[in-house]
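Notes follow once the structure below has been shown.
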Protein chains: 2
Amino acid sequence: MSEKITIYDIAKKLNITAATVSRALNNNPKIKESTKQLVLETAASMNYKQNKLALALKSGRSNNIGVIVPRIDSNFFASVIRGIEEELYPHGYQVIICQTHENPKRENENLYTLIDAQVDGILMSVTDVTNENDKAFHNVLQKNVPLIFFDRSKHIDGVSSVTINDFKGGYIATKQLINQGCKSIAHLSGDQSLEIFKNRFLGYKQALLDNGITFNEEYVIQSKSSVEAGKNAINILLELETPPDAIFSSSDFAALGAIQELRERNINIPQDFCVAGFSNEPFTKFMELSITSVDQSPLEMGKMSARVFLEQVGKTDTIKIEKKVVLAPELHIRKSTSRTRA
Amino acid sequence: MSEKITIYDIAKKLNITAATVSRALNNNPKIKESTKQLVLETAASMNYKQNKLALALKSGRSNNIGVIVPRIDSNFFASVIRGIEEELYPHGYQVIICQTHENPKRENENLYTLIDAQVDGILMSVTDVTNENDKAFHNVLQKNVPLIFFDRSKHIDGVSSVTINDFKGGYIATKQLINQGCKSIAHLSGDQSLEIFKNRFLGYKQALLDNGITFNEEYVIQSKSSVEAGKNAINILLELETPPDAIFSSSDFAALGAIQELRERNINIPQDFCVAGFSNEPFTKFMELSITSVDQSPLEMGKMSARVFLEQVGKTDTIKIEKKVVLAPELHIRKSTSRTRA
DNA sequence: ATTAACTATGTAATCGATTACACGAAAGTA
DNA sequence: TACTTTCGTGTAATCGATTACATAGTTAAT
């Protein structure tokens with residue numbers, strides 16, 4: 001019923017050895033053309049399928065790569081994975097998915113599981129902001145398995161990364177708010193021990209500086225990436241002595257929450273208050289009051305990460321290859337920051 | 001530098017055989033306690049990692065399962081995958097992702113690639129509506145690899161499935177429109193050779209029947225799941241002699257397009273026209289004019305599919321196990337169909 | 001005619017772990 | 001004492017494919 005056909009079965013049937021069969025299947029030039037044809041036909045007729053596990057064991061390459069993300073059901077990460085899969089598919093690599101749920105322990109487990117599974121490379125967005133998992137990272141590198149960080153990166157020798165210029169993202173978003181005439185701009189940030197949030201914040205700060213706006217510590221709120229967090233932020237900000245007239249949020253979800261709360265209070269957007277987000281989540285475009293947001297080109301980021309992996313895989317150079325790719329963020333200007341109609 | 005430690009290395013160091021090491025590591029009761037401890041300590045100190053490929057080859061089980069979806073960057077599929085991953089993680093299975101991009105040829109390739117990779121099971125949402133790939137499906141089953149369809153299913157002997165009751169989904173969405181006083185309800189359907197779309201359509205039709213509304217062929221439009229398609233549909237429907245006053249769309253994206261086009265024409269929603277969608281995409285909730293939609297509980301669907309897989313894997317019964325799980329759809333009533341404020 | 005050079009294929013080791021079977025030593029039994 | 005168990009470990013086959021090396025049969029070269 002479910003007999004597995006091996007090259008030995010083919011060999012037996014043709015009265016030759018498995019070695020010859022293997023060579024014929026691999027198009028080895030030393031094999032006589034007639035034998036080759038015979039083997040190929042027999043293999044097809046017996047419905048032979050190469051056992052990749054045996055091949056993997058022999059060659060030491062599994063043709064699998066691991067991808068670790070905080071969660072998969074976010075448009076950003078799903079799109080990155082899509083990019084990775086599409087780029088690697090033609091090269092015969094399969095993509096194994098792991099989720100950390102923002103838990104460093106899970107990240108650690110995932111790393112070791114992937115090493116155990118003999119993946120040929122690991123592409124990931126880091127969750128651990130402490131140095132807990134550095135040992136695991138080094139373990140990967142030591143096994144000569146390419147390790148590539150995307151989006152959320154971390155400085156580790158020998159690790160390549162594909163990120164966007166978060167500083168610039170923060171800068172252009174803030175600049176757009178300034179261009180609209182906003183004078184006091186607040187910022188919803190994420191966990192600033194993560195470089196991406198730190199850099200977006202720095203870009204925001206620089207934009208203020210470059211345009212003669214004094215930076216106000218009170219205007220910076222560190223929060224989660226959720227609708228609820230956005231609402232709370234507005235509640236806090238509007239109770240300040242001098243409330244702001246705009247927000248640049250590191251999260252589209254928080255931006256949405258802010259907008260919902262502002263509407264609740266009958267504050268007009270963008271006339272009285274402008275809001276810009278980050279990530280360009282699908283809903284920012286769909287809203288009736290569409291939300292200005294910084295696009296991170298996740299698909300491109302995935303493809304680029306995959307390309308970096310392809311460049312590095314198989315290279316036995318003991319010299320550490322380290323490539324840092326930085327993609328340009330793109331501001332999608334929408335109604336939430338468009339006071340003037342062209 | 002990157003020396004791979006095997007049980008032979010441990011054996012050599014301790015002057016015993018690899019068999020003993022293997023047994024010690026596997027907690028075989030025949031091994032003396034002192035030896036076991038010694039082996040475990042040595043293994044740890046040498047940083048030994050079991051080679052899963054060797055294990056997989058020997059046991060015939062890879063501990064990988066394959067998941068095939070049309071695309072991963074859709075909230076629905078990403079959520080299903082999340083559910084699958086979370087349910088299977090504690091059991092030591094890794095999830096390999098494949099995308100078909102709605103292309104039957106890709107589906108076919110993916111199936112064979114996964115078989116080649118010796119996955120222990122395949123969970124998928126079918127793309128192929130013809131019978132092109134039936135041979136591939138049978139190939140999977142013949143290898144005694146559990147095959148489970150989720151969401152988009154197909155009748156094949158021996159294949160279990162986890163779906164929602166699409167008929168009921170279509171029914172309750174339509175019923176809600178009727179309850180709001182809508183008299184002539186249109187339906188945007190998908191490719192009806194796919195059972196899910198057929199069933200949603202049938203549910204829609206039945207709801208009309210049960211409520212004394214005559215079914216009108218002209219009101220049913222088959223289209224893609226896109227914003228553009230929704231706009232086009234409205235353009236066609238509003239040119240009919242008797243235009244409808246509501247739409248039940250099999251796609252949230254098409255529902256959104258419809259809403260955008262209706263607004264363009266200054267038609268009030270929900271007062272003059274009601275719209276209900278399907279899938280409960282995140283944006284339906286976020287819109288200012290939130291959209292009523294049928295939830296398919298994708299996370300639960302993923303988990304359930306994984307559980308069905310776990311029940312079936314390893315069972316050598318030649319009797320075909322076939323389990324059909326049908327989840328209940330849940331209507332999320334929102335502003336786009338709420339004429340009365342409680 | 002004799003040796004060199006190919007050609008096509010076979011032999012056997014290898015990747016790393018598991019496991020049926022074998023076996024010597026220790027312990028228990030009559 | 002002689003015989004049976006039990007215990008702990010070693011031997012070697014196995015999973016399926018690849019490949020360095022060996023070899024028999026041809027052909028070419030001197």
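Numbered from 1 within each chain, the chains take letters A, B, ... in sequence-line order.
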Quiz item: What is the distance from CD1 of A:I7 to P of C:dT11, rounded to the nearest Å?
Solution: 14 Å
Quiz item: Among residues 11-20 of chain A, which contact DNA chain D at a heavy-atom distance under 4.0 Å?
Solution: A:A19
Exercise. For B:N133 and B:A136, indicate whether the former's side chain and the latter's backbone hold a donor-acceptor pair under 3.5 Å.
Key: no
Quiz item: So which pairs with a foot in residues 71-99 of chain B pass salt bridge (Lys or Arg N to Asp or Glu O under 4.0 Å), sequence neighbours left out?
Solution: A:D73-B:R82, A:R82-B:D73, B:R71-B:E102, B:R82-B:E86, B:E86-B:K303, B:E87-B:R307
Quiz item: Quick one: do B:K105 and B:E107 make a salt bridge, cutoff under 4.0 Å?
Solution: no
Quiz item: Do any of residues 33-59 of chain B sit with a heavy atom less than 4.0 Å from DNA chain D, and if so which?
Solution: B:T35, B:L57, B:K58
Quiz item: Is A:K30 touching bases, backbone alone, or none of the nucleic acid, heavy atoms closer than 4.0 Å?
Solution: base
Quiz item: Should A:I122 and A:I65 count as side-chain neighbours, where that means a heavy-atom distance under 4.5 Å?
Solution: no
Self-check item: By salt bridge (charged side-chain N to carboxylate O under 4.0 Å, His left out) - contacts of A:K323 (at least two apart)
Solution: A:E311
Exercise. Applying side-chain contact (heavy atoms from CB on, under 4.5 Å) between A:L53 and each of B:K52, B:R61, B:Q118, report the one that passes.
Key: B:Q118
Quiz item: Quick one: do the B:E132 and B:N108 side chains pair a donor with an acceptor below 3.5 Å?
Solution: no
Quiz item: Looking at five pairs on each end of the helix from C:dA1-D:dT30 to C:dA30-D:dT1, what is the angle between the two axes, given to 10 degrees?
Solution: 60°
Exercise. State which residues pass side-chain hydrogen bond (donor to acceptor under 3.5 Å, both in side chains) with B:T100; sequence neighbours excluded, sorted by chain then number.
Key: B:T127
Exercise. Please tell me if the side chains of A:D120 and A:V145 come closer than 4.5 Å, counting only heavy atoms from C-beta onward.
Key: no
Taking N or O atoms only and anything under 3.5 Å, show me the protein contacts with nucleotides 21-28 of chain C, one pair per line.
none

Quiz item: Tell me the ring-ring contact (aromatic ring centres under 6.0 Å, His included) pairs involving residues 108-154 of chain B, sequence neighbours left out?
Solution: B:F137-B:F149
Practice problem: List in chain and number order the residues that pass ring-ring contact (aromatic ring centres under 6.0 Å, His included) with A:F77, two or more places apart in sequence or in another chain; answer none if no residue qualifies. | Solution: none
Quiz item: Got a sec, which residues hit side-chain hydrogen bond (donor to acceptor under 3.5 Å, both in side chains) with A:N47, two or more places apart in sequence or on another chain?
Solution: none
Exercise. Walk along DNA chain D from 5' to 3' and tell me the first and last nucleotide with an atom closer than 4.0 Å to a non-hydrogen atom of chain A.
Key: D:dG16 to D:dA20
Quiz item: At under 4.0 Å between heavy atoms, what does A:T6 touch on the DNA or RNA strands: base, sugar-phosphate, or nothing?
Solution: sugar-phosphate
Exercise. Could you note down all residue pairs passing salt bridge (Lys or Arg N to Asp or Glu O under 4.0 Å) where residues 7-34 of chain A supplies at least one of them, sequence neighbours left out?
Key: none
Self-check item: side-chain contact (heavy atoms from CB on, under 4.5 Å) partner of B:C98, chosen from B:L111, B:I72, B:N110, B:T113
Solution: B:N110
Quiz prompt | Under 3.5 Å: donor-acceptor pair, side chain of B:N28, backbone of B:A24 | solution = no
